[in-house]
Amino acid sequence: MGSVLLEREEALAAAARTGESARAGAGRWLVFGAAAGTGRTALLREVVGREAADGAMRVLRAGCSPEESGFPFALVRQLFPEDGEVPFADLPAAEEQMVFHRLVTRLARTADRRPVLLAVDDLHDADMASRRWIGYLARRLADLPVLLVLTECREKGTAVLPGATGTSVVLRPLGPEAVARLVSTRGHGADRAELCIRACAGNPLLVHALLADLREGPLPRSLSELGGSRYRDAIVHWIRARGTPWSRRFSLALAVAGDSAALLDGALLQEAAGLCPEHRAASAGASALRRLFSHPLAREAALAAADPDELGALRGRIARLLDERGAPAADVAAQLLHLDRPDEEWMTQSLEDAAEDAVRGGRVDEATAFLRHALTAPLAPGRRAGLTLRLGALELPHSADAGIRRLRAALELHADHHERAAVAPALGAALVARGRTDTAMRVMSQVGSAVDDGELGRVLQTTAAVMASHDAVAWRDAVARMRELAATAPAAVEPLACGLVTEYEVGTGRLSAAEALGRVLPRLAAPVDPRLRDGWLGTAATLLQWADRLDEARALAEEALPAPPALPDLTDIGRQCLISVRAEAALWAGDFRRVTAENAPLLDACAGQGIRMPHLASMVALAHCELGHRAHARRLLAGLDEESADSSWEWNELHYARAFLHMAEGNWQAALDDYLSCGRGQSARDFVSPVATPWRSGAALALVGLGEPTRALDLAEEELCHARTWGTPRTVGRALRAHAAAVGGRRGLESLSEAAAVLRTAPAPVELVETLLDLGRARLDAGNSRKGREDLHEAHALALRLLAPDPTGHPDAPDAPATGRLLRATGDALRASGARRTRRDTTGSAALTRAERRIVELAVQGRTNAQICEVLHLARRTVETHLTHAYRKLGVTRRTQLASRLTGTGTAASAGARSLTTPG
């Protein structure tokens, strides 16, 4: 049996029974009915070969075709080619009966000599006169040694023959096991078999065509990834030439509907295709067609066979049906994208709804495609402006210039001043994100000056003040206006005006945290104009963060920002602020992985597209530095274009982050330069408080590293004064630590003790670990070993909690996994103190004693054992013993492996004689 005849045992058994009966003198007919491509012709050949083997029967063959279906008696002439009396035209009924009788009589005489097998392929394409003769013959077969075997496409109708003299066999599609056997005979594996099962629906013709097209490599996701066009051509040929009008149009409806076909029952699909339910064959074929066109490859092939105009009409009908049945907006929009233009309001609305769903799912490219197509519709100016505004907001992170052009277009679409005032804040925020704060202020001023509504004017003025925080000069002017406005502003505007003034006064060092909270907290419950809501939340969250109310600050941010994977809207200046607060609050809380996870997608989307986010990039870089990914942190900061820097506060944050990274690497001078740059930038904005960027503390530590304690003390004392004014444990503790580094000795120990005490009351884990490290080392230097080691153990335990391994097992950055900064520093300090190692420290570089580490470092530098003996004045046996222990702890067997396993060399402690840690 050929491979194509898998699962055809029932048909062959029926043929054997009817053949035996015919050879015995009792003729029978047998019809094989099946869909196109199911192997009818191959089965017919097999039956003829078996039943006529060794001359057991004489074979008369005929194959019908659509081209000859209009010629009377065309099939009969194929069976009796030598009979010159077969007519070429339709005859009157009586004359036709005479021809039928004569042909059957001739067949009977032939069968008397040897049984006859009449094999007729594709009876559905036979001319009507020949079909009537087949029926005439079937009613007279009982007494003739004749076997009549026919094939027909069930989709094109079923021959009506007398049941007494024959039987019909329906050929079913091949089952999964049979298809898998077919595939395996061609040397393909299970993945190819699964593809053929799903993409061919058991049709042998399609299975063979697809197997012939498959090539090495990944499974194809589209027809273009196949190595040939046999599969496509087979489906196209069937739809264009072999299928019925019903099956053709129903197949196209399925192909167009795609995965949405499951939402539409057969009647709706037929309605979409412009069909009415027909005979049984149509209903029977529907389920088979559904199976076939459930696969994308089959759908793509079917669509290639369709006329574009027909497809357009079909897509419009299916989109309407899906919309009426409440299908997901994305399914409706997927159809509408293929129309030249959406010309009805429901179409535009579906595209807009689908865009918002895509935004929530983080699929921005899909959302922008929907909105761009919606804008091709005939729209009223206001509607067009609204869609343009939304599209510009989505395009902004991915292409700043394109987004801004779109937002300008939205502004120009409005002639009404009130409507322009609704668009101007979005354009202004986008310009700020692009680094063009001056232009943003001009836009806000121009639009605001044309507004004659007092309340709306105040809303625009207050929104512009939020933007002005990105320009040192404009910020002072804006704060002056906010002071005046706060006294007379409507209740819904006053909270933000007051909040902005409070921000400025905190920066100037005039207010304590308690005074700032006294202004903010009562206003959180006050009603705020919806147009100012996000700006107020941004200001309030900033002040709460500065006051160490980190959870409350994050809660306000999360109230306005979308949940991942959606990106936040950068055309809202308040949300820009909330993005920064959310990141910095997580960083201050020591949740470094959260900082990277929440903000890396936005930074990636904006990379190289014109949106400058120095503060956010700085926060993510600092988080990576804490996680031990210094190389990645450096790349993030290096990717910011400082040549275009303005007086925005965000660039001061960049200088601070870069200085911190220099400190972590022990580069004191570079750190000092950046800390001082940060200070100059903050001073230009009248910002002297250490609440945001404690640059004086950092500069003081760098100066200590450079051996300039006097300069360091001046900065540290100034910082401590401002910190005590603000009064939060974090700022005071940081300043006390810098002060201790500058004064050293007993006064330094007292400052560190006070710093540790206040930091234990605050959500400031990073500052507490750094302070405990310094305190522990200072106590060790003062001879108090027990208390010093207790401090170091406490610091190490805190660092372990902060930098526990990622439970997901995924790296935080493209760098190789590394020990976090604080964990490495506390481990080094414990080893240097001679403290007893815990079970956690018995392996790895953290387990090395000071002597072992020194010997390993020399070995990594290429020194031989003899040279190490000379440098350290040790006996050779001692060096060898230490190396043996180090090999075991590091899990290596060769000297060349040492460098890759050794971490934490060159610690900050080597840089200063005061045994105080730096941010490194």
Side-chain angles (χ1 to χ4, degrees), residues 397 432-433 469-470 538 541-546 548 550-551 553-554 556-558 560-561 564 567-568 570 574-607 611-642 645 648-664 674-675 677-678 681-682 687 690-695 698 730 734 763-767 802-803 812-813 815 820-822 919:
V432 169
S469 67
H470 290 270
T542 298
L543 293 167
L544 287 169
Q545 177 203 323
W546 288 348
D548 275 347
L550 303 183
D551 290 341
R554 275 194 63 90
L556 291 184
E558 289 170 353
L561 298 178
L567 297 180
L570 298 180
R575 292 188 186 181
Q576 289 184 25
C577 179
L578 288 166
I579 294 167
S580 295
V581 171
R582 183 179 67 177
E584 194 158 19
L587 184 73
W588 286 13
D591 199 348
F592 310 127
R593 292 188 176 90
R594 188 172 194 171
V595 176
T596 61
E598 285 180 339
N599 300 292
L602 179 57
L603 289 179
D604 291 343
C606 296
I611 295 297
R612 308 180 313 171
M613 307 191 75
H615 176 261
L616 191 64
S618 299
M619 296 303 99
V620 175
L622 288 173
H624 278 298
C625 180
E626 294 288 11
L627 290 165
H629 308 132
R630 291 183 187 170
H632 190 55
R634 281 194 297 271
R635 287 195 295 272
L636 275 172
L637 298 181
L640 295 168
D641 178 17
E642 285 192 77
S648 171
W649 59 269
E650 294 198 56
W651 295 103
N652 303 329
E653 299 278 358
L654 170 65
H655 286 295
Y656 183 83
R658 197 163 60 188
F660 188 97
L661 190 57
H662 288 316
M663 291 285 278
D674 269 315
Y675 278 132
S677 293
C678 174
Q682 293 290 61
F687 203 113
V691 293
T693 50
W695 63 270
R730 183 190 305 273
R734 277 189 312 220
V766 174
E767 290 83 354
L802 281 179
L803 296 158
D812 299 280
D815 307 77
R821 179 183 71 91
L822 296 173

Subject >> E653 vs E584, side-chain contact (heavy atoms from CB on, under 4.5 Å): CA-CA, chis, key distance, verdict >> reply: CA-CA 11 Å; E653 299 278 358; E584 194 158 19; 4.1 Å; yes
| task | Decide yes or no on side-chain contact (heavy atoms from CB on, under 4.5 Å) for Q545 and L550, but give the supporting numbers first. | result | CA-CA 5 Å; Q545 177 203 323; L550 303 183; 4.0 Å; yes
*Would Y675 and M663 count as a side-chain contact (heavy atoms from CB on, under 4.5 Å) if you check the C-alpha gap in whole Å, the side-chain angles of each, and the deciding distance to 0.1 Å?*
CA-CA 10 Å; Y675 278 132; M663 291 285 278; 3.8 Å; yes
- request: Take N599 and M619 through the side-chain contact (heavy atoms from CB on, under 4.5 Å) test and state the conclusion after the steps.
  value: CA-CA 9 Å; N599 300 292; M619 296 303 99; over 6 Å; no
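Within the 4.5 Å cutoff, the side chain of F592 has no heavy atoms near those of the C625 side chain. Side-chain contact between L661 and R630 is present, with heavy atoms from C-beta onward closer than 4.5 Å. In this structure the side chain of T693 never reaches within 4.5 angstrom of the side chain of F687, judged on heavy atoms. In this structure, D591 and E598 have side chains that are not in contact, with every pair of non-hydrogen atoms separated by 4.5 Å or more.
From L616, atom CG reaches atom CZ of R582 across 8.5 Å, with rounding to the nearest 0.5 Å. The structure places CG of L622 at 11.0 Å from CG of L627, a figure rounded to the nearest 0.5 Å. Atom CD1 of I579 sits about 5.0 Å away from atom CG of L570, to the nearest 0.5 Å. Between the CD atom in Q682 and the CG atom in N652 there is a gap of 4.0 Å [rounded to 0.5 Å]. To the nearest 0.5 Å, atoms OG (S618) and CG (L587) are separated by 10.5 Å. The CZ atom of R554 lies 14.0 Å from the CH2 atom of W588; values are rounded to the nearest 0.5 Å.
Taking each heavy atom of A560 and L578 in turn, the nearest pair found is CB-CD1, 3.5 Å. When all heavy atoms of T542 and C577 are compared, the closest pair comes out as OG1-SG, 3.4 Å. Heavy-atom minimum distance, S580 versus W649: OG-CH2, 3.9 Å. Smallest separation of non-hydrogen atoms from P763 and D548: CG-O, 3.6 Å. Between P568 and L561, the closest heavy-atom pair is CB-CD2, 4.0 Å. The two residues A583 and V595 come nearest to each other via the heavy atoms O-CG2, 3.7 Å.
Ring pair H624/H632 is perpendicular by interplanar angle, where above 60° counts as perpendicular and below 30° as parallel.
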